[in-house]
Amino acid sequence: AIVSMDGSPQPPRVREPEKKRGAPSIGSTGNPNSRLGRKPSPHSQGRVMEHLPTAPSFVGIDVSKDRLDVHVRPSGQTLAVQRNDKGLEDLVSELRKLAPALIVLEATGGFEVTVAAALASANLPVAVVNPRQIRDFARAVKTDALDAQAIALFAERIRPEPRPLA
């Protein structure tokens, strides 16, 4: 018996791959990692930097007899529309573009019903909540920064007379 240098009984030789029966492979035979001729994977491959996830937006609507004041978080966008057919159409159009995660209205003695119905019929996510919940929440999240914002709004809207310090 012939013994090779590595101790195996057979001398080293090049082995040819076994010929397989069946239909020939589609695509490249030169590169086993090639996807040539295969369907694209339905799974995302790697990172796609062009489509950064955006934070969901939330909409608060203050409903009054004649007007709807709208505020969007986190963008800070504001909008005011009349509480009539034209105003509701404009509101629905704007909110569809925005595609918010949630729209919240205060229950205001019935004025909110037509607004909520218009939003719901447009398949927008709407919730009508008790005003007490909102007041309690506002008290709970009260901060100096929010106080300063409210004071600035007071100054802008009320414009109290400046007084010299004594």
Going by heavy atoms in the side chains, are [X] and [Y] under 4.5 Å from each other?
X    : Y    : value
D62  : E106 : yes
F111 : V115 : no
L119 : V92  : yes
V81  : L88  : no
S75  : V72  : yes
V104 : V59  : no

Do [X] and [Y] belong to the same hydrophobic cluster, where Ile, Leu, Val, Met, Phe, Trp and Tyr are linked whenever their side-chain heavy atoms lie under 4.5 Å apart, directly or via other members?
X    : Y    : answer
V70  : L124 : yes
L79  : V126 : yes
L102 : V129 : yes

Tell me whether D90 is salt-bridged to K86, with the criterion being a basic N under 4.0 Å from an acidic carboxylate O.
yes
[X] side-chain N/O to [Y] backbone N/O, donor-acceptor pair under 3.5 Å:
X    : Y    : result
E112 : G110 : yes
R83  : L68  : no
S93  : E89  : no

Around atom CG of N130, are there more than 12 heavy atoms of other residues, nucleotides or ligands at under 6.0 Å?
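Yes, the 6.0 Å shell around CG holds more than 12 heavy atoms from other groups.
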Taking every non-hydrogen atom, the tightest pair across P56 and A101:
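Reported closest heavy-atom pair: CB-CB, 3.9 Å.
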